[in-house]
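The block underneath contains the structure these notes are about, expressed in structure tokens.
All residue numbers in this chain count up from 1 along the given sequence.
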Amino acid sequence: MLSADPAVSEALERWDSATRTLDPPFAVVDLDAFDANARDLVRRGNGVPIRVVTKSLRCRHLIERVLKRPGYRGIMCYSLPEALWLHETGVSDDILVAYPTANQTALRALAADPRAREHITITVDSTAHLDFVDETLGDDHPDIRLSLELDVSWRPLSCLPPVGTLRSPLHEPAQAAQFAEEVLKRPGFRLVGVMGYEGQIAGLGDAPSGHPLRSALLRVVQACSARELAARRAETVRRIRELTDLEFVNGGGTGSLETTSSDDSVTELAAGSGLVGPGLFDAYHRFRPQPALMFALPVVRRPGPGIATLFSGGFVASGTGTPDRLPLPFLPGGLRLTRTEGAGEVQTPVLGGPAGGLRIGDRVWMRHAKGGELAERFAEYHLFSGGAAPESVPTYRGEGRCFG
């Protein structure tokens, strides 16, 4: 049980003491744990620089903090409006927008800003993306920096669905090289990079609690996928480099830093969630981030023996809609959500031994399943380091920003 760890118990005492003047719900970041996670990501990356995934933080202060550390270079955004804002505010001058954009206002803003055009790269995987940019910006638009995204899913059998995320249609090296040739023929575009996110390795925990057979199968699948991908990506990058120079080849995620960094065709990695240690990242055997991002909920009801009801708490993560997307009761240890209510919009009942001793106004500390989505629920994070007084910094929401 997590609370049996003396370090965790000490953290609980420190958080409770430092936040005694705050009324929950509120969210905190343990900077000591955050910095320890940042160091461990660099260790796992084996000397390959890491691009910070901003969607996993959604807080300028935290993004800037990690960018100051050795081993980190540039940021990976999830929307072009976000990239333009972070560039304008001086967070980074090396920005990759890792998802295709259909935001015409943002594209026009990018085209109108010479400095932004030099520092922001958008991602494409089809001629339809090129056509959309041309139609939005008109003839003779200035050069837009492009990254070509590869499909890095694993397809062991043609009769089965791919193992991995449904992203780019560019699976085979010949397909990617042919599209690169098309990009190079089109005026107004400059191909500078290649990327691919191996979600079947980086985003899928290989040690789900209580499922040893599934764990064994996942590790076999991931090992086979990593071997196949290393060969296919290397050949793809080789073919594209024969056509043009590339500034970067980006790959990986928090869960695949070891395997991705061993691929010589990759020049940089991507990671973000591992900095804050969300609940989904408990399910890996190769590493275990320290929980650095927490939120506190107050007890507001005692509906019966052994039950305590918390205010709010329905901060459910995006994705498959399965129980692993629910927030996790963290401290006091031994609490669990009910199967009938889960995490609710206005109340969250919890069960377990400690529930019987909780009083109205007591706090229960929770962990979100994902890294960045909690920032959509709070206008500020309260930062702690050692015994220092907390510092409050705005999230994207606190700065009046929401990028969808």
Side-chain angles (χ1 to χ4, degrees), residues 2-3 7-35 37 55-65 272-273 275-279 289-301 308-317 325-333 335 337 342-350 354-355 358-402:
L2 285 169
S3 60
V8 172
S9 298
E10 187 275 331
L12 173 60
E13 182 179 345
R14 186 172 76 249
W15 300 335
D16 279 341
S17 175
T19 62
R20 62 184 180 276
T21 62
L22 300 177
D23 284 318
F26 58 80
V28 304
V29 178
D30 184 329
L31 292 179
D32 296 328
F34 182 89
D35 291 343
N37 291 336
K55 77 175 182 65
S56 299
L57 298 177
R58 306 189 202 196
C59 171
R60 278 201 297 152
H61 181 93
L62 295 178
I63 297 168
E64 291 168 342
R65 183 182 183 90
S273 295
L275 293 164
V276 294
Q290 296 184 32
L293 174 62
M294 251 69 61
F295 61 99
L297 301 179
V299 175
V300 291
R301 282 180 174 161
T309 300
L310 314 178
F311 175 73
S312 183
F315 309 150
V316 180
R325 306 292 157 151
L326 295 172
L328 297 172
F330 182 54
L331 292 172
L335 295 174
L337 303 179
E345 179 184 7
V346 293
Q347 71 168 39
T348 298
V350 291
L358 292 173
R359 301 168 301 172
I360 301 299
D362 283 350
R363 295 167 176 176
V364 171
W365 292 87
M366 311 281 288
R367 295 168 63 204
H368 200 276
K370 285 192 169 184
E373 293 180 16
L374 188 63
E376 301 293 348
R377 300 286 186 164
F378 291 94
E380 60 186 0
Y381 283 161
H382 302 281
L383 313 182
F384 302 91
S385 179
E391 174 190 6
S392 299
V393 299
T395 61
Y396 281 10
R397 282 281 186 173
E399 297 198 69
R401 303 288 173 163
C402 176

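Ring planes of W15 and F330: tilted class, angle from 30 to 60°. Between W365 and F26, the ring planes lie perpendicular to each other; the angle is over 60°, past the 30° to 60° tilted range.
Remark: T395 OG1 to R60 CZ distance equals 11.5 Å, nearest 0.5 Å. Atom-to-atom distance recorded for L293:CG and S56:OG is 11.0 Å, nearest 0.5 angstrom. The structure places SG of C59 at 8.0 Å from CD of E399, a figure rounded to the nearest 0.5 Å. The CD atom of Q290 sits 10.0 Å away from atom CG of D35, with the distance rounded to the nearest 0.5 Å. To the nearest 0.5 angstrom, L383 atom CG is 7.5 Å from R65 atom CZ.
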Worked check of side chain to side chain contact (heavy atoms under 4.5 Å, CB included) between L31 and L62: CA-CA 9 Å; L31 292 179; L62 295 178; 4.2 Å; yes
Full working for side chain to side chain contact (heavy atoms under 4.5 Å, CB included) between D30 and F384: CA-CA 5 Å; D30 184 329; F384 302 91; 5.6 Å; no
T19 vs V28, side chain to side chain contact (heavy atoms under 4.5 Å, CB included): CA-CA, chis, key distance, verdict: CA-CA 9 Å; T19 62; V28 304; 4.1 Å; yes
Side chain to side chain contact (heavy atoms under 4.5 Å, CB included) between R58 and E373, worked out: CA-CA 8 Å; R58 306 189 202 196; E373 293 180 16; 3.8 Å; yes
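Listed here is the closest heavy atom pair of S385 and D32: OG-OD1, 3.0 Å. Of all heavy-atom pairs between L275 and A292, the closest is O-CB, 3.9 Å. Contact between L358 and A308 at its shortest, heavy atoms only, is CD1-CB, 3.9 Å. Heavy-atom minimum distance, G277 versus N37: N-ND2, 4.2 Å. When all heavy atoms of P327 and F315 are compared, the closest pair comes out as CD-O, 3.7 Å. When every heavy atom of V350 is checked against every heavy atom of A355, the shortest pair comes out as O-CB, 3.8 Å.
Residues T348 and V364 form no side-chain contact, since every pair of their non-hydrogen atoms from C-beta on lies 4.5 Å or further apart. Between L57 and V276, some side-chain heavy-atom pair lies under the 4.5 Å cut-off. The shortest side-chain heavy-atom distance between L331 and R363 does not fall under the 4.5 Å cut-off. By the 4.5 Å heavy-atom criterion applied to side chains, K370 and S273 are not counted as neighbours. R367 is not listed as a side-chain neighbour of P278, based on a closest heavy-atom distance of 4.5 Å or more. Counting heavy atoms from C-beta on, the side chains of F311 and P24 never come closer than 4.5 Å. For the pair V300/L310, no side-chain contact is recorded, criterion being any heavy-atom separation below 4.5 Å from C-beta on.
The closest donor-acceptor contact from the side chain of Y381 to the backbone of A375 lies under 3.5 Å.
No side-chain donor-acceptor contact under 3.5 Å links R377 and S312.
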